[in-house]
There are 2 protein chains.
Amino acid sequence: MMKITAVIMAGGKGERFWPKSRMQYPKQFLSLTKDGETMIQKTVKRLLPMVAMEDIFVVTNVRYAPLVQAQLPDLPQQNILSEPCARNTAPCIGLAASVIRKTYGDAMMLVLPSDHLIRYEEMYIDTLRQAVAVAEKGENLVTIGITPTYPETGYGYIHFARDTDLGMPGVYRVERFVEKPDYEMAQSYLASHHYLWNSGMFVWKTSSILSNLETLMPDVYKGLMRIEAAIGTPAYDEVLTQEYEQLRSESIDFGVMEHAAHIYTLPGSFGWDDVGNWLAMERINPVNESGNYVEGDVITIDTQRTTICGGKRLIAAVGIENLIVVDTDDAILICSKDSTQKVKDVITNLKICNRDELV
Amino acid sequence: MMKITAVIMAGGKGERFWPKSRMQYPKQFLSLTKDGETMIQKTVKRLLPMVAMEDIFVVTNVRYAPLVQAQLPDLPQQNILSEPCARNTAPCIGLAASVIRKTYGDAMMLVLPSDHLIRYEEMYIDTLRQAVAVAEKGENLVTIGITPTYPETGYGYIHFARDTDLGMPGVYRVERFVEKPDYEMAQSYLASHHYLWNSGMFVWKTSSILSNLETLMPDVYKGLMRIEAAIGTPAYDEVLTQEYEQLRSESIDFGVMEHAAHIYTLPGSFGWDDVGNWLAMERINPVNESGNYVEGDVITIDTQRTTICGGKRLIAAVGIENLIVVDTDDAILICSKDSTQKVKDVITNLKICNRDELV
């Protein structure tokens with residue numbers, strides 16, 4: 001059987017969890033559940049039934065490499081692939097594919113975000129195993145879709161068809177990837193029963209993705225090959241820094257998936273949550289009888305449906321509802337649940353005022 | 001002309017300005033306006049056109065005496081009258097009256113709260129001068145009423161009659177003092193044009209109030225006389241501590257005003273504000289075009305009609321309205337404007353949990 005590796009993408013900035021997440025400390029390194037484990041620790045831990053620790057690779061921005069090492073002390077240091085700059089997912093995945101090919105020859109790659117939660121981990125592993133079975137054939141590219149439960153407008157969708165030439169029930173052919181829809185469109189997707197949420201999880205062989213990159217993104221592929229040639233030589237860091245900067249910034253969805261042949265999807269129903277913003281806290285943690293999620297030193301009086309993440313100080317909430325309150329050493333956020341998308345405007349404001357210490 | 005003295009009552013606990021006000025640092029010692037002056041400093045300053053500093057007396061709990069001294073460095077130290085314990089306004093005023101009688105013989109006393117704001121200070125002084133003219137005659141007791149502008153249910157009211165035997169226009173005879181009414185009753189008071197808000201400001205001679213105390217509260221009067229006998233002797237502190245504790249706790253309104261003869265009232269229209277709770281901030285300070293009052297390091301996005309009193313940290317408010325947010329070093333309050341009366345429940349909660357450092 002082919003070696004199975006995992007590539008965890010951990011370069012995200014996660015501005016939507018400000019003020020807990022910062023430019024220097026993004027969401028994937030935060031613990032947002034009461035068990036104290038961080039998002040990336042959970043991501044690695046849930047893979048271990050299927051992938052050995054030494055076969056897990058983490059691609060991250062060079063500035064986060066020390067955080068990855070600190071939070072994943074059992075991960076071999078050479079498995080942390082540092083990006084000198086952010087170039088979106090196509091270069092990130094291409095770099096990981098070429099490093100894995102250099103290490104193992106052709107191998108299976110599970111490509112996974114570092115900052116999502118999965119409630120049913122055994123079903124998640126089962127789905128990944130099914131995906132591996134599909135990806136083993138030819139140059140198949142597999143994406144894990146999530147069965148939608150409501151007309152979400154914040155995700156991209158996967159339009160699938162039931163007919164495949166694979167003869168594998170529960171595996172579908174991807175017709176196309178669609179961008180975030182408006183609400184009406186999202187409702188029609190949900191009603192059609194032919195759309196899945198795009199979770200950003202992919203399964204393929206290194207040979208399949210690199211061959212597709214060579215055909216569909218030849219400029220990026222050439223740069224990656226110059227980097228691959230330097231792997232294991234003293235010039236690696238210099239070549240990486242120089243070449244990576246030149247790579248075109250592009251998502252794997254737009255650069256490869258929307259144009260490639262042989263794209264399949266498996267609907268995952270394993271309690272996925274993208275933990276997209278502070279609203280997630282009450283979904284991923286238990287709430288009390290007033291609908292509040294509260295952590296830290298907090299007194300609530302006549303308070304309902306409110307999330308309060310305390311810091312070192314007492315927080316007293318009196319007569320409030322539908323709010324999110326987050327306290328840290330140097331900043332406090334008080335946000336209505338309807339406005340979580342605007343937390344990033346605070347960051348924009350801070351950047352304009354050159355207050356980088358708070359960003 | 002008779003010596004005019006002022007007695008500023010500064011023993012209040014001011015729980016409704018938690019977390020800025022604390023048991024050890026109540027409202028009268030806070031600066032709630034942008035000019036940086038504290039409430040008691042403003043109270044003294046606005047009296048100076050009428051009363052010399054050495055004729056101003058401050059009655060306060062012994063634990064606040066150092067705060068009075070620190071905030072009013074020009075006040076003679078012997079003018080700070082320390083109460084060993086809280087016994088409401090009747091003993092407080094009686095103590096001040098007997099100290100002033102001992103110092104000056106019979107004198108005029110302006111009895112004033114330490115934690116209210118006055119917008120039109122010249123009109124305030126004019127009203128006090130009118131009151132003095134009334135109080136000079138016989139044993140008249142004068143209370144300053146406030147012309148009501150809406151049916152407030154949080155104040156007591158003064159029911160007055162237009163007929164007096166004084167022949168002084170603008171001075172009215174008090175029919176009776178009434179407790180805080182319900183909303184319907186408050187509306188009828190407002191409509192009747194014969195009710196004023198009870199502001200807790202009084203004007204009388206020491207002889208008038210002491211004579212009334214002797215008649216109406218003989219037990220309290222006897223205790224006060226034992227204290228007066230010790231003034232200027234080495235035994236004063238001991239006698240005060242021993243006798244004051246024994247005094248019946250009673251308000252001057254209930255103990256004297258409701259039963260005395262010759263009670264008059266002057267309607268004051270000098271922009272009085274009792275600064276009763278955090279809602280006052282937007283009344284006593286300028287608000288911006290979104291209706292927000294903001295102080296400290298604050299970013300507001302889509303935020304309206306909200307009061308934010310920042311501390312040392314950044315406060316980011318996103319999509320909120322009708323809230324009060326107050327940050328201090330060890331506690332943060334987030335309160336809906338409809339619930340300011342419940343801030344004291346936080347204090348109750350803290351006391352139950354023996355968290356006295358936060359009370």
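Labels below follow one simple rule: chain letters A, B, ... track the order of the sequence lines, proteins then strands, and each chain is numbered from 1. Note that these values count all heavy atoms, side chains included, but never hydrogens, waters or copies made by symmetry.
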Expected contact set for residues 288-301 of chain B against chain A at heavy-atom separation under 4.5 Å reads B:Asp297, B:Ile299, B:Ile301
Ordered numerically, the heavy-atom neighbours of chain A under 4.5 Å found in residues 316-332 of chain B are B:Ala316, B:Ala317, B:Val318, B:Gly319, B:Ile320, B:Leu323, B:Val325, B:Asp327, B:Thr328, B:Asp329, B:Asp330, B:Ala331, B:Ile332
Next on the checklist: Take a 6.0 Å sphere around NZ of B:Lys34 and say whether it holds more than 12 heavy atoms from other residues, nucleotides or ligands.
Outcome noted: yes
Take a 6.0 Å sphere around CZ of B:Arg283 and say whether it holds more than 12 heavy atoms from other residues, nucleotides or ligands. yes
Highest number of heavy-atom pairs under 4.5 Å with chain B among A:Ile315, A:Thr340, A:Thr303 belongs to A:Ile315
Report task. Count the heavy atoms belonging to other residues, nucleotides or ligands that lie under 6.0 Å from NZ of A:Lys42, then report whether that count exceeds 12. Result -> yes
By residue number, those in residues 17-27 of chain B with heavy atoms under 4.5 Å from heavy atoms of chain A are B:Trp18
Should the heavy atoms of other residues, nucleotides or ligands under 6.0 Å from CZ of A:Phe177 be counted, would the total exceed 12?
-> yes
When the 4.5 angstrom heavy-atom criterion is applied to A:Asp302 and chain B, the contacting part is side chain
Could you check whether atom CD of A:Glu179 has more than 12 heavy atoms from other residues, nucleotides or ligands sitting under 6.0 Å from it?
no
Contact list (residues 349-359 of chain B to chain A, heavy-atom gap under 4.5 Å, by number) returns B:Asn349, B:Leu350, B:Arg355, B:Leu358
Check: Under 6.0 Å from the CZ atom of A:Arg63, do we count more than 12 heavy atoms belonging to anything else shown?
Finding: yes
